[in-house]
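Reviewing the structure listed below.
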2 protein chains.
Amino acid sequence: MDLALLLPPGVTVTAAMKERCPLRDTLDRIGDRWTVIVVVLLRNGPMRFTALQRAAEGVSRRMLTHTLRNLERDGLVTRTVHASVPPKVEYELTPAGHALTEPLTGLLHWSVRHQETVLAARKAYDGGSAEGG
Amino acid sequence: MDLALLLPPGVTVTAAMKERCPLRDTLDRIGDRWTVIVVVLLRNGPMRFTALQRAAEGVSRRMLTHTLRNLERDGLVTRTVHASVPPKVEYELTPAGHALTEPLTGLLHWSVRHQETVLAARKAYDGGSAEGG
DNA sequence: CTGGATCCTACTCGATACTG
DNA sequence: CAGTATCGAGTAGGATCCAG
């Protein structure tokens, strides 16, 4: 992508950005099925593994683990193991992770505000395209 | 997802939202490889098909067409054909599409600001995990 | 409760060739 | 210039079983 037009004032396009588009990078990282959901859920504070699984509704243990590992790897989430029986593991956003919740929360709000509009548009489009056939 | 905690004040959780999580819905829609890129690129005004293809860097005609069709279907983009030779087709964001650029632009800015941090965290994580083997 | 290993399916996406 | 049709590879992610 051509970044120069889109960046906020004061931000310069570095060589690294040209080589490796930051947005493309971020999308590759958060563009899977569960990452955004998990980050948004962690927005209000630390959560345990099982609590996340319940809240995310539909995620398998495998994918939740996978998602959390990637977030941890990228420094967006910390993992804290409490030595107890049964085990208790808490996940919490780092500052970078919290910063990410801002646009993602914006996305959530957009989703809520435009759900009906989008659904209606889709219905109209599908109806219109199919007509006459 | 449990939406009640996360919604802005004044927004009520409707039955539709419980049935069909709006965020999940949005992510299914924009979570593919090119949608976010295209929407961000259209942020400054209408663009032609080929201009988009050049700017997106790497998208195939097939995928660009597919992406634009979906955006059109959801009412986020309009498609205008100018009857000329050669053909000229312009794509432009609708108001809903423009509203979407706000969080997406936020995401872009986050990407730029945190690229180095994330890359460093990843490197550290990978190095740390691999050590001793 | 947390999470690793394996297997398997479905779907996404890109390459290529063709059209108006 | 702006698409469409077809095909094949790669991979995301779910099901299941095992373990500390």
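What you are looking at is a predicted structure, and each value in this text was computed from that prediction instead of being measured. Each chain gets a letter, A, B and so on, in the order the sequences are listed, and its residues count up from 1.
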Taking salt bridge (Lys or Arg N to Asp or Glu O under 4.0 Å) as the test, write out the residues that go with [X], two or more places apart.
X	answer
B:Arg73	A:Asp126
A:Asp32	none
A:Glu90	none
A:Arg122	B:Asp74

Please enumerate all protein N or O atoms sitting under 3.5 Å from an N or O of nucleotides 1-8 of chain D, with distances to 0.1 Å.
residue	atom	partner	partner atom	Å
D:dC1	O3'	B:Arg48	NH2	3.0
D:dC1	O3'	B:Pro87	O	3.2
D:dA2	OP1	B:Arg48	NE	3.0
D:dA2	OP1	B:Arg48	NH2	3.2
D:dA2	OP1	B:Val89	N	3.3
D:dA2	OP2	B:Thr50	N	2.9
D:dA2	OP2	B:Thr50	OG1	2.2
D:dG3	OP1	B:Arg69	NH2	3.4
D:dG3	OP1	B:Arg79	NE	3.1
D:dG3	OP1	B:Arg79	NH2	2.5
D:dG3	OP1	B:Tyr91	OH	3.4
D:dG3	OP2	B:Tyr91	OH	2.5
D:dG3	N7	B:Arg61	NE	3.1
D:dG3	O6	B:Arg61	NE	3.2
D:dG3	O6	B:Arg61	NH2	2.9

Next on the checklist: Just to verify, what does A:Arg33 make a side-chain hydrogen bond (donor to acceptor under 3.5 Å, both in side chains) with, not counting sequence neighbours?
Outcome noted: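 Testing A:Arg33 for side-chain hydrogen bond (donor to acceptor under 3.5 Å, both in side chains), a comparison that skips the adjacent residues, returns B:Asp28.
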Item to check | Residues that A:Arg54 engages under side-chain hydrogen bond (donor to acceptor under 3.5 Å, both in side chains), provided they are two or more places apart | outcome: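 side-chain hydrogen bond (donor to acceptor under 3.5 Å, both in side chains) list for A:Arg54, sorted by chain: empty.
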Item to check | Contact list for DNA chain D against residues 25-33 of chain B - heavy-atom distance below 4.0 Å | outcome: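 Result for residues 25-33 of chain B: none.
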Item to check | Pairs involving residues 91-109 of chain B, ordered by first then second residue, that meet side chain to side chain donor-acceptor pair (under 3.5 Å) (sequence neighbours left out) | outcome: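 Applying side chain to side chain donor-acceptor pair (under 3.5 Å) to every pair that reaches into residues 91-109 of chain B, excluding sequence neighbours, yields B:Arg43-B:Thr105, B:Arg79-B:Tyr91.
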Mind calculating the distance between [atom1] ([X]) and [atom2] ([N]) to the nearest angstrom?
X	N	atom1	atom2	value
A:Leu71	C:dG3	CG	P	13 Å
A:Leu52	C:dG3	CG	P	10 Å
A:Arg24	C:dC13	CZ	C1'	12 Å
B:Asn70	C:dT12	CG	C1'	12 Å

Next on the checklist: Using the rule given for side-chain contact (heavy atoms from CB on, under 4.5 Å), can you reason through B:His114 versus A:Thr26, listing the C-alpha separation, both sets of side-chain angles and the distance that settles it, and then say yes or no?
Outcome noted: CA-CA 9 Å; B:His114 293 84; A:Thr26 299; over 6 Å; no
